[in-house]
There are 2 protein chains.
Amino acid sequence: MSDTAHILKKHHLRQTNCRQQMIAHFSAHSYALAHSELEQALSEFDRVTIYRTLYTFLEKGIVHKVLDDAGATRYALCAHCTEHQHHDEHVHFKCMQCQTVQCIDTISIPNIQLPQGYSYIDSNFLVRGVCRQCNQL
Amino acid sequence: MSDTAHILKKHHLRQTNCRQQMIAHFSAHSYALAHSELEQALSEFDRVTIYRTLYTFLEKGIVHKVLDDAGATRYALCAHCTEHQHHDEHVHFKCMQCQTVQCIDTISIPNIQLPQGYSYIDSNFLVRGVCRQCNQL
DNA sequence: TCCATTATGCAACATTGTTGCAAATAATGT
DNA sequence: ACATTATTTGCAACAATGTTGCATAATGGA
């Protein structure tokens with residue numbers, strides 16, 4: 001069974017063309033994808049289907065949301081998420097030159113001490129800078 | 001001279017009704033405001049004017065962008081920003097109950113060590129949880 | 001008060017995201 | 001292989017968010 005088929009099966013999702021291709025597309029890219037990029041790359045599917053598939057993947061813990069400083073939400077494959085809980089406490093890095101956003105799995109988000117009375121659910125850490133590839137130009 | 005007038009003068013901006021009221025509105029709220037909230041509160045002004053004023057304020061370092069996990073961008077007054085550089089390395093806290101996003105000035109973003117080859121510009125740290133007010137219900 | 005510059009309002013449009021419903025498809029059991 | 005059922009998809013329509021061009025109005029300085 002292919003990798004993409006396996007991921008779908010693991011999460012009790014039906015094997016559909018759109019889902020398989022979306023997972024394949026995520027796997028083929030090391031950076032977070034915005035809806036618009038998926039729409040362009042997978043133009044045989046309807047915009048709405050892509051939105052709904054992203055939503056399904058989010059729910060099941062297949063992808064996680066990546067905040068960007070410029071409007072559109074991006075998504076990236078989860079490494080360790082489950083249907084019950086996302087575990088994405090890693091840093092997201094946005095390169096201001098090539099505009100890509102990637103997950104930096106090697107740095108975990110430092111623990112912070114919230115003020116009295118605040119409780120913690122999760123967090124999202126976006127670092128902006130210039131990535132290795134762009135720095136070497 | 002009023003506070004709002006002073007802020008505009010400091011940044012060499014003309015004193016206009018919309019700008020003054022926007023700054024006043026920001027000052028009156030301890031949490032980050034989305035465009036839609038400003039539009040509702042300042043309905044005498046055009047949507048476009050509010051967008052452009054936000055853009056101007058961003059440029060001048062009067063407000064900073066606050067990332068939210070749900071679509072729309074929010075903005076909050078800067079404490080220490082200038083036209084030349086934003087200094088917003090504090091934590092933003094989103095309460096999942098009342099949905100407000102506030103700046104937590106008392107916690108600064110911990111320094112993180114990026115992988116080799118990456119350079120740092122700035123960062124944006126969003127913590128999701130439940131705020132003090134909502135926890136006390 | 002006049003003038004040059006800048007800001008605003010309006011219209012039009014582009015992008016992003018959502019909802020309802022009918023037709024197509026996937027999984028299941030026979 | 002086929003029929004049944006539940007789910008997914010495509011389409012249409014819409015809502016929300018964000019952008020651009022241009023004529024008019026307002027601001028600040030001479």
Side-chain angles (χ1 to χ4, degrees), chain A residues 1-2 4-25 32-60 62-75 83 99 101, chain B residues 1-2 4-25 32-60 62-75 83 99 101:
Chain A
M1 188 187 287
S2 79
T4 66
H6 180 71
I7 291 178
L8 290 174
K9 178 153 197 188
K10 193 171 73 182
H11 292 90
H12 310 102
L13 289 175
R14 290 193 176 176
Q15 309 288 335
T16 72
N17 211 325
C18 181
R19 286 174 182 167
Q20 286 170 340
Q21 294 206 40
M22 273 179 65
I23 292 184
H25 202 75
L33 300 171
H35 177 273
S36 60
E37 301 172 71
L38 288 162
E39 191 182 335
Q40 260 193 297
L42 305 171
S43 55
E44 68 255 50
F45 303 106
D46 195 80
R47 276 167 26 79
V48 178
T49 302
I50 296 176
Y51 273 116
R52 288 199 264 232
T53 304
L54 283 172
Y55 183 81
T56 303
F57 285 1
L58 264 185
E59 262 194 322
K60 294 289 182 176
I62 297 176
V63 300
H64 60 278
K65 235 184 226 198
V66 178
L67 300 193
D68 190 358
D69 58 323
T73 312
R74 292 166 185 273
Y75 302 86
E83 181 163 1
Q99 303 293 315
V101 181
Chain B
M1 188 187 285
S2 80
T4 66
H6 179 70
I7 292 178
L8 290 175
K9 178 153 197 187
K10 194 172 72 182
H11 292 90
H12 310 103
L13 290 176
R14 289 190 177 176
Q15 308 288 334
T16 72
N17 211 327
C18 180
R19 286 173 181 168
Q20 286 170 340
Q21 293 206 41
M22 272 179 64
I23 292 184
H25 202 75
L33 299 171
H35 177 273
S36 60
E37 300 171 72
L38 289 162
E39 190 182 336
Q40 260 192 298
L42 306 170
S43 54
E44 69 255 50
F45 303 106
D46 196 79
R47 275 167 30 77
V48 177
T49 303
I50 296 177
Y51 273 114
R52 288 199 263 230
T53 305
L54 283 173
Y55 183 81
T56 303
F57 285 3
L58 264 185
E59 262 194 321
K60 294 290 182 174
I62 297 176
V63 300
H64 60 278
K65 235 185 226 198
V66 178
L67 299 193
D68 190 358
D69 58 324
T73 312
R74 292 166 185 274
Y75 303 86
E83 180 162 0
Q99 303 294 316
V101 181

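Here is how names work: the chains are called A, B, and so on, in the same order as the sequence lines, proteins then strands, and each is numbered from 1.
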**OP:** Measure the CG-CG distance between A/Leu67 and B/Leu67 for me, rounded to the nearest 0.5 Å.
**Re:** 5.5 Å

Original post:
Are B/Lys10 and B/Lys60 side-chain neighbours, meaning at least one heavy-atom pair lies under 4.5 Å?
Top reply: no

Subject >> Backbone N/O of A/Arg14 and side chain of A/Arg19: donor-acceptor pair under 3.5 Å >> reply: yes

Subject >> Residues in contact with DNA chain C, drawn from residues 44-53 of chain A - heavy-atom cutoff 4.0 Å >> reply: A/Arg47, A/Val48, A/Tyr51, A/Arg52

Subject >> For atom CD of A/Gln20 and atom P of D/dT8, their distance in whole Å >> reply: 13 Å

**OP:** Report the distance from atom NZ of A/Lys65 to atom P of C/dT16, rounded to the nearest whole Å.
**Re:** 15 Å

Original post:
Checking all strands, does B/Thr56 fall into the base, sugar-phosphate, or nothing category for heavy-atom contacts under 4.0 angstrom?
Top reply: nothing

**OP:** Could you go through the side chain to side chain contact (heavy atoms under 4.5 Å, CB included) check for A/Leu8 and A/Phe57 one step at a time?
**Re:** CA-CA 9 Å; A/Leu8 290 174; A/Phe57 285 1; 4.1 Å; yes

**OP:** Begin from the C-alpha positions of B/Thr56 and B/His11 and carry the test side chain to side chain contact (heavy atoms under 4.5 Å, CB included) through to its verdict.
**Re:** CA-CA 10 Å; B/Thr56 303; B/His11 292 90; over 6 Å; no

Subject >> Gap between atoms CD and C1', on B/Glu39 and D/dG18 respectively (whole Å) >> reply: 11 Å

**OP:** Provide, to the nearest angstrom, the distance between the NE2 atom belonging to A/His35 and the P atom belonging to D/dA16.
**Re:** 19 Å

Subject >> Contact pattern, 5' to 3', of nucleotides 23-30 of chain C - B, S or - by protein heavy atom under 4.0 Å >> reply: ---BS---

Subject >> Atom-pair distance (CD on A/Gln40; C1' on C/dT16), nearest Å >> reply: 14 Å

Subject >> B/Thr73 side-chain N/O to D/dG18 phosphate OP1/OP2 under 4.0 Å >> reply: yes

Original post:
Roughly how many Å is it from CG in A/Leu8 to P in D/dT7, rounded to a whole number?
Top reply: 16 Å

Original post:
Tell me: CG of A/Leu58 to P of C/dG17, nearest whole Å?
Top reply: 12 Å

**OP:** Find out whether A/Thr16 and A/Thr53 are in side-chain contact, i.e. whether some heavy atom of one side chain is under 4.5 Å from a heavy atom of the other.
**Re:** no

Only pairs under 3.5 Å count here: list side-chain donor-acceptor contacts from residues 39-48 of chain A, not counting sequence neighbours, and write none if there are none.
unit_1  : atom_1 : unit_2  : atom_2 : d
A/Glu39 : OE1    : A/His35 : ND1    : 3.4
A/Glu44 : OE2    : A/Gln21 : NE2    : 3.0
A/Asp46 : OD2    : A/Val48 : N      : 2.9

Subject >> Between P of D/dT9 and CG of A/Leu54, the distance in whole Å >> reply: 12 Å

**OP:** Return yes if some donor-acceptor pair links the side-chain N/O of B/Gln20 with the main-chain N/O of B/Thr4 below 3.5 Å, else return no.
**Re:** no

Original post:
Any side-chain heavy atom of A/Tyr75 sitting closer than 4.5 Å to one from A/His64?
Top reply: no

